[in-house]
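Have a look at the structure below before the remarks.
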There are 2 protein chains.
Amino acid sequence: MTAPAKPLRRDAVRNREQILQAATTAFAERGANVDVRKIARAAGVGMGTLYRHFATKDHLLGAVIKRDIDAWMDEALQAAQESAPWAGLETFLETALARQIADRALMDGVFRVLASTSLLDECRSRMSEVVNLLLDRAHRAGELRPDVGEADIALTMMSIGKIVELTEDARPGLWRRQLRITLDGLRAAGHTPITEPPLTIADLDAAVCHSLPKLENS
Amino acid sequence: MTAPAKPLRRDAVRNREQILQAATTAFAERGANVDVRKIARAAGVGMGTLYRHFATKDHLLGAVIKRDIDAWMDEALQAAQESAPWAGLETFLETALARQIADRALMDGVFRVLASTSLLDECRSRMSEVVNLLLDRAHRAGELRPDVGEADIALTMMSIGKIVELTEDARPGLWRRQLRITLDGLRAAGHTPITEPPLTIADLDAAVCHSLPKLENS
DNA sequence: AGTGAACCGGAGCACATGCTCCGTTAAAAA
DNA sequence: TTTTTAACGGAGCATGTGCTCCGGTTCACT
């Protein structure tokens with residue numbers, strides 16, 4: 001889009017990359033609540049430099065998260081195509097949550113991606129694509145209850161993500177218990193119908209957006 | 001315990017109650033993150049007064065939460081005895097989460113109760129009592145999968161509580177979809193065994209305690 | 001090399017928020 | 001009524017944190 005803006009000076013390019021690098025590490029280790037100063041220091045850069053490259057902490061987070069999600073989706077799409085319908089869904093959720101452990105800011109970031117239609121649309125549609133592929137196959141195989149959609153998968157990731165956040169440090173892997181239970185709940189066999197109306201991803205965006213700070217352009 | 005300490009002055013008694021009242025309202029409406037100043041102002045009291053009665057914001061939260069949980073447990077125990085095994089469990093979870101809507105600080109408070117062995121032991125054991133009663137009955141009726149325990153119910157409340165937090169303002173009741181799915185996952189019929197080791201409530205205390213600020217005496 | 005624009009760094013601002021200090025007030029005992 | 005002292009209130013401290021400002025520096029073009 002904004003390709004022919006202007007070539008950056010060499011030091012600017014280098015610094016931008018160092019900031020991104022440091023931010024990636026910092027967000028992964030400490031979550032989205034790291035002090036911006038820590039990131040700047042780790043990048044060997046001043047606050048001014050950081051804020052010239054990224055208008056806002058959230059913009060920086062967005063940039064980092066975008067990379068992460070891209071990598072995640074590449075991996076997920078490939079895994080999805082290589083596995084059976086139900087196993088694919090299981091693996092997807094498991095991978096998503098395992099990633100949350102390695103990168104404490106990921107789920108926060110994903111929430112913001114979902115909450116923001118203005119940024120990272122591309123990521124969002126890739127995620128939708130992968131999730132819907134998995135859902136379609138599981139539905140067609142008759143293994144997934146018919147009354148769940150994309151938004152329910154997102155909600156599942158969010159809710160179990162909370163358990164990861166709370167217990168992972170002291171009881172690694174505890175979240176897997178909850179995941180097993182939830183996966184059984186997602187099975188078609190013996191499910192009881194959901195009476196509450198379903199939700200599109202766009203609706204979920206709007207809903208989550210309501211309670212989360214918004215993220216804007218790069 | 002500390003009953004015959006010393007009779008409080010009349011204005012002190014009145015102020016203490018006013019603080020508790022204001023705090024209850026404030027925590028319910030805004031969650032545990034309200035500014036202490038707001039509470040003091042709403043109580044018509046100075047900061048000094050507030051902090052003489054409650055050594056810490058968390059002590060105040062603890063006092064408020066204790067009342068809430070007591071009332072909740074009274075209600076839950078009665079409801080449990082009046083309903084069928086499975087319905088009782090369903091109702092319990094539904095009530096717990098509905099309460100979280102009316103009182104935004106409740107789940108935060110519950111987490112801290114769980115995380116703190118030093119305060120509110122009484123509440124904790126009452127909760128355990130009620131939850132175990134529900135689980136026992138549902139297990140005996142063969143409706144609840146045998147590999148879940150008290151701690152899994154706590155985790156369920158925590159995880160779906162996250163959805164309440166995120167979506168309730170914009171999409172009231174959306175959390176019920178996730179609850180339905182999870183409840184189906186808790187059913188004995190057609191469950192797949194959980195391979196991850198189970199957890200006692202004490203273990204969960206320790207785990208959650210790890211990631212949450214601790215709460216101390218009265 | 002010389003010059004100007006682009007870029008850098010970090011002190012400092014603005015704001016939020018938990019908590020304390022201490023001069024003042026008023027309840028209750030004498 | 002006087003005196004004692006528990007209780008009061010709110011300005012202010014300490015800390016954390018997102019972000020800005022501006023004097024100095026460095027790159028890149030001539």
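Chain letters run A, B, ... following the sequence lines, proteins first and then strands; every chain starts at 1. The figures here come from the full heavy-atom set of this structure, side chains too, leaving out hydrogens, waters and symmetry mates.
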- prompt: Nearest 0.5 Å, what's the OG1-CZ distance between A/T182 and A/R180?
  reply: 10.5 Å
- request: Could you pick out which residue, B/Y51 or A/L8, lies toward the 5' side of DNA chain C when each is mapped onto its nearest nucleotide?
  value: A/L8
- request: Write down the distance between NZ (B/K38) and C1' (C/dA16), rounded to a whole number of angstrom.
  value: 10 Å
field: Residue mapping more 5' on DNA chain D - nearest nucleotide basis, A/G48 or A/V36
entry: A/V36
Other residues, nucleotides, ligands: >12 heavy atoms within 6.0 Å of B/R14 CZ: yes
query: Can you find an N or O donor on one side and an acceptor on the other, under 3.5 Å apart, linking the side chain of B/R9 with the base of D/dA6?
result: yes
message: Should the side chain of B/R52 and the base of D/dG10 be counted as holding a donor-acceptor pair, with the cut-off at 3.5 Å?
response: no
statement: From CG of A/L50 across to C1' of C/dA11 the rounded distance in Å is 16 Å
- line: Taken to the nearest whole Å, CD/A/Q18 to P/C/dC7 is 16 Å
message: With a cut-off of less than 4.0 Å, is there a side-chain N or O of A/H53 near OP1 or OP2 of C/dC7?
response: no
Between C1' of D/dC19 and CG of A/L60, the distance in whole Å: 13 Å
- prompt: Of all the nucleotides listed (C/dT17, D/dG10, C/dC8), which has the minimum atom distance to the side chain of B/D35?
  reply: C/dT17
message: On DNA chain D, compare the nucleotides closest to B/A12 and B/R37; which residue's is nearer the 5' end?
response: B/A12
query: Taking only side-chain nitrogens and oxygens of B/T49, does any of them come within less than 4.0 Å of OP1 or OP2 of D/dA7?
result: no
Proximal nucleotide (of D/dG18, C/dG10, D/dG10) relative to the A/K57 side chain: D/dG18
field: Side chain of A/M47 - closest among D/dC19, C/dC8, D/dA11
entry: D/dC19
field: Value in whole Å for how far the P atom of D/dC8 lies from CZ of B/R41
entry: 19 Å
- request: May I ask you to say what B/V34 touches in the nucleic acid, namely base, sugar-phosphate or nothing, with a heavy-atom cut-off under 4.0 Å?
  value: sugar-phosphate
query: Among C/dC19, D/dC8, C/dC8, which nucleotide sits nearest the side chain of B/N15?
result: D/dC8
- prompt: Atom CZ of A/R14 and atom C1' of C/dA6: how far apart are they, to the nearest Å?
  reply: 14 Å
message: Is there a salt bridge (Lys or Arg N to Asp or Glu O under 4.0 Å) between B/E75 and B/R99? Walk through the geometry before answering.
response: CA-CA 12 Å; B/E75 189 186 292; B/R99 266 183 183 265; 3.0 Å; yes
field: N-O pairing of A/R67 and A/E17 below 4.0 Å
entry: yes
message: Without decimals, in angstroms, what is the distance between A/D58 CG and D/dG18 P?
response: 10 Å
query: Any side-chain N or O of B/T56 under 4.0 Å from OP1/OP2 of C/dG18?
result: no
query: Could you give the CD1-to-C1' distance, from B/I39 to C/dT17, as a whole number of Å?
result: 12 Å
query: Measuring from B/L183:CG to B/R176:CZ, what's the distance to the nearest 0.5 Å?
result: 11.5 Å
message: Between B/R30 and B/D35, does any NZ, NE, NH1 or NH2 come within less than 4.0 Å of an OD or OE carboxylate oxygen?
response: no
